[in-house]
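Here the structure comes first, spelled out in structure tokens, and everything after it is commentary.
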Amino acid sequence: MSRKIRLFEFRSWRAFMNLLTQIKQRFAPALAGLASDVPALLDMIRPAQDAKFGDFQANFAMPLAKQLGRSPRDVAAEVLTKLQIDDLCESPEIAGPGFINLRLRTDVLAERLSRIAFDDRLGVPATEAPRNVVVDFSSPNVAKPMHVGHLRSTVIGDSIVKTLRFAGHRVTSDNHIGDWGTQFGMIIYGYRHFRDESSWRASAVGELARLYKLVNQLSDYHAAKALLPALEKNLLESRQKLHEIQQQPQDDRTKKLVSGMKKALAAAEVELQSAQDKLAKVEGSPALLAAAAAHPEIARRAREETAKLHAGDPENTALWTQFMPVCLAALQQIYSRLNIHFDLTLGESHFNPLLAGVVDSLQQQGLATVSEGAMCVFLEGNAAPFIVRKTDGAYTYATTDLATIQYRRDTLQADEVLYVVDSRQSEHFQQLFATARRWGCEQMSLRHVSFGTVMGSDGRPYKTRAGDTVGLESLLDEAILRARRIVDENDDRREQPLLTAEERSRVAEIVGLGAVKYADLHHSRDSDYVFDYDKMLATTGDTATYMQYAYARVCGIFRRMQISRQSLQGQPVAIELATPEERRLALQLLMFGYAVDSVLSDYRPHLLTQWLFETANAFSPFFDRCSVQNAETESLQRSRLVLCDLMARAIRTGLGLLGIDVAEVL
RNA sequence: GUCUCGGUAGCUCAAUUGGAUAGAGUGUCGGCCUCCGGAGCCGAAGGUUGUGGGUUCGAAUCCCGCCCGGGACACCA
């Protein structure tokens, strides 16, 4: 009996937590007689765009008025006469063309906040409809060092996993690593011909990375050398053509031709330059040049090693088996540093045995046909076919991806699969999903969560000054190093430094990693963004550091007053919202659930960073003007302590969903 | 050439997917330290949302044309 009652209470207060939902429920009967599609109208009730419009705003009067052929303000007024909401809000106001502005009663706000004061979930209920979601992200190639290109997928994917879990879904994070590709042919070839035994013993990972880079470089060298005459000829011809066109009288048609030619010319120049760079790098080193001369067929031979591996050659399989743990350990090192965990790491090799069956099945269903020797799926609206088996009999990543979908449907029982992969592959996924649907996966939701490129300050993809891609490891090192300088400087400025050397290292790690992750997540994912250490580690503005600082300031209050946050728990709370600053902070804290919902509606973590920044921003004036220590009354002091504790947990929880940590002292 | 994503304050980015006077940060300028962490707070200036049309009560957002940029376009993943 008592258990039943408690369950009921629990569910009812959870349901009541979401003020917005509750407000919508109040509007439903008021709208019932006026419109057929009430839910659509209720959906137009939202948090106010600007605090001067109150706390919530209803935008439905204008479209509804149009349906009814009446004036919007009239319709709004009629709705208000039927609306029962005075136990929640001040009297609603009609403004502008017909907006309804709602301001919550402060006593209601205080009461709601009191209820969630010690709730770990900050009043956000777990979903009543949990789904099985597989999130496919990070997905590096093993045997190649991870670089800046893997950053976004890894960070965004991890945040989506954490947010989905928080919302109550059953999530499987899966790292679909490239462990069966051409790079293995390269390191096998490299291992046979260029291995340095002592380096191998000292650091197998480092040696594999060196071998990969070396073989790649030599292959590029020969390719560039072979291509050079054609590139030079191409460039000359482009210049010649451009010159000729420019001699002609200028009209709209020639103008267009000129701009087209200029673009082609620029592309040809870039291509030539890149080839020349590759040649210069090898020719600049006698050792490399000698190696290149000794291995003229290196690219082809490396490909053959890959083919042998795929064909089950025992020696190459043995090498693969020997290399894999080394490669995985190298990846794991970065993931544990980033504090990112995968439930599964099922790479391409795992699905290899299934590929023949996939193609057979596609063929049997009449989806795939042979064209120009390749097994293809032709899709309406796509010029290029989706190739599932190449002319030489090898399978492609299309095939692997289909096998993976099958596995996720049948074995993991997924309702939904998210692919956190950069936007250049959107055509691939569009074809993949279309094929999968026709193949029998129409029940499953498949989504490409795409994102843009990380750029340098020059507006081009982020590279080192020498033009190499930036290794992820060194990128993190640099961020942490810079964070350490900031932490040192700050603590040294104190009369009594608060941190030991070890603590400083720990804090620098938290601040540095947080900066990198936050900078990535606070941009909307589909746009490119400019990578800038100074901006992401700035102690002012919309950075992780600013949020972490706000957290540390709260901790400072408790430390100073010698009150543990733990000791507040379990005692009765009565939140008092005496000032505008307290009210603003309270409202902001209650919006957490809305922020989480909005993130998940389209997998956009930047909406959570926005909420965090607004929360830290709401806290600052409170901190400035509402002294806890010198509060007028004991009950006000207690109320403020609870508010502080809630604020700290909100920041910690919110940052946590982004994969970012906090520290008590910065 | 086709498809696709973009062009918003000096700079870096938002804009709850069609809602009010387009907002933040940074930078610039001007105010706040007998008071819980000044890594802070408050304020000001800064815009023809690439451009020309259209759709409607209402457009940065949707449609069409043009200009500029990124990317992808049969056997790499």
Side-chain angles (χ1 to χ4, degrees), chain A residues 44 46-50 52-53 57 59 62-63 65-66 71-72 95-99 101 139 141 178 180-183 259-260 263 348 371-376 381-392 394 396-398 400-401 422-428 430 450 452-453 455 457 459-461 486 489-490 493-494 498 519 522-524 526-530 532 534-535 538-543 545-546 548-550 552-561 594-595 597-598 601-602 604 606-607 610 613-614 617 620-621 623-631 640 644 665-666:
Chain A
M44 302 182 79
R46 294 169 187 169
Q49 216 168 29
D50 192 312
K52 72 186 169 210
F53 299 137
Q57 63 181 62
N59 300 341
M62 286 80 79
K66 179 148 195 198
S71 105
F99 295 98
N101 291 336
S139 315
N141 283 316
W180 200 242
T182 48
Q183 80 273 23
S259 98
K263 230 183 270 179
E348 293 163 344
S371 164
E372 295 177 30
M375 186 67 74
C376 303
N382 286 89
F386 197 51
I387 296 177
V388 292
R389 198 180 62 208
K390 300 191 284 181
T391 307
D392 65 6
T396 67
Y397 78 135
T400 314
D401 280 354
D422 85 280
S423 58
R424 281 175 300 192
Q425 295 195 37
S426 57
E427 274 93 346
H428 166 70
Q430 184 253 323
S450 68
T453 312
M455 309 293 253
S457 52
R460 319 214 53 203
I486 294 167
E489 208 177 296
N490 182 55
R493 240 190 344 248
R494 292 185 171 114
L498 291 169
H522 107 276
H523 293 88
S524 74
D526 25 30
S527 59
D528 300 341
Y529 83 93
V530 176
D532 184 337
D534 290 330
K535 281 201 169 120
T539 53
T540 64
D542 192 359
T543 61
T545 322
Y546 179 73
Q548 288 165 329
Y549 177 65
R553 283 162 100 198
V554 182
C555 295
I557 294 176
F558 286 91
R559 196 167 45 245
R560 176 98 169 200
M561 292 176 70
Y594 186 77
D597 280 354
S598 56
S601 71
D602 198 25
R604 298 188 173 278
H606 85 277
L607 296 173
Q610 232 165 58
F613 184 57
E614 280 161 14
N617 258 341
S620 284
F623 180 85
D624 229 40
R625 274 168 244 146
C626 306
S627 175
V628 179
Q629 218 167 5
N630 305 322
R640 285 179 178 170
C644 283
V665 180
L666 290 191

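Every chain is numbered from 1 and lettered A, B, ... according to where its sequence line falls, protein lines coming before strand lines. We use all heavy atoms of the structure for the numbers below, so side chains are in, but hydrogens, waters and symmetry mates are not.
Paired regions of RNA chain B, where each region holds three or more successive Watson-Crick or G-U pairs whose two hydrogen-bonding distances fall under 3.5 Å, are B:1-7 with B:67-73, B:10-13 with B:23-26, B:28-32 with B:40-44, B:50-54 with B:62-66.
Checked against ring pair (Phe, Tyr, Trp, His ring centres under 6.0 Å), A:F558 has no partners two or more places apart in sequence or in another chain. For A:R560, the side chain to side chain donor-acceptor pair (under 3.5 Å) test picks out no residue, with sequence neighbours left out. With sequence neighbours excluded, the residues that form a side chain to side chain contact (heavy atoms under 4.5 Å, CB included) with A:S71 are A:R73, A:D74. Applying the side chain to side chain donor-acceptor pair (under 3.5 Å) test to A:Y546 and every residue at least two apart in sequence or in another chain returns A:N617, A:S620. Judged as a side chain to side chain donor-acceptor pair (under 3.5 Å), and not counting sequence neighbours, the contacts of A:Y397 are A:H428. Not counting sequence neighbours, the partners of A:Q430 by the side chain to side chain contact (heavy atoms under 4.5 Å, CB included) test are A:N382. Residues that satisfy the side chain to side chain contact (heavy atoms under 4.5 Å, CB included) test with A:P63, not counting sequence neighbours, are A:M44. Taking the side chain to side chain donor-acceptor pair (under 3.5 Å) definition, one finds that A:R640 meets it with A:E582, sequence neighbours left out. Checked against side chain to side chain contact (heavy atoms under 4.5 Å, CB included), A:N141 has the following partners two or more places apart in sequence or in another chain: A:K144, A:Q183.
With B:G37, B:G19, B:A39 as the choices, the nucleotide that has an atom nearest any side-chain atom of A:N59 turns out to be B:G19.
A donor-acceptor contact under 3.5 Å is not formed by the side chain of A:Y549 with the base of B:A39.
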Would you list the protein and nucleotides 24-29 of chain B atom pairs, both N or O, that sit under 3.5 Å from each other?
{"from": "B:U26", "atom 1": "OP1", "to": "A:T540", "atom 2": "OG1", "distance (Å)": "3.2"}
{"from": "B:U26", "atom 1": "OP1", "to": "A:G541", "atom 2": "N", "distance (Å)": "3.3"}

What protein N or O atoms touch nucleotides 14-16 of chain B N or O atoms at under 3.5 angstrom, if any, and at what distances?
{"from": "B:A14", "atom 1": "OP1", "to": "A:S524", "atom 2": "N", "distance (Å)": "2.9"}
{"from": "B:A14", "atom 1": "OP1", "to": "A:S524", "atom 2": "OG", "distance (Å)": "2.5"}
{"from": "B:A14", "atom 1": "OP1", "to": "A:S527", "atom 2": "OG", "distance (Å)": "2.8"}
{"from": "B:A14", "atom 1": "O3'", "to": "A:H606", "atom 2": "NE2", "distance (Å)": "3.4"}
{"from": "B:A14", "atom 1": "O2'", "to": "A:Q610", "atom 2": "NE2", "distance (Å)": "2.4"}
{"from": "B:A15", "atom 1": "OP1", "to": "A:H606", "atom 2": "NE2", "distance (Å)": "3.0"}
{"from": "B:U16", "atom 1": "O2", "to": "A:Y594", "atom 2": "OH", "distance (Å)": "3.3"}
{"from": "B:U16", "atom 1": "O4", "to": "A:Q49", "atom 2": "NE2", "distance (Å)": "3.3"}

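Glycosidic torsion of B:U17 falls within 90° of 0, placing the base in syn.
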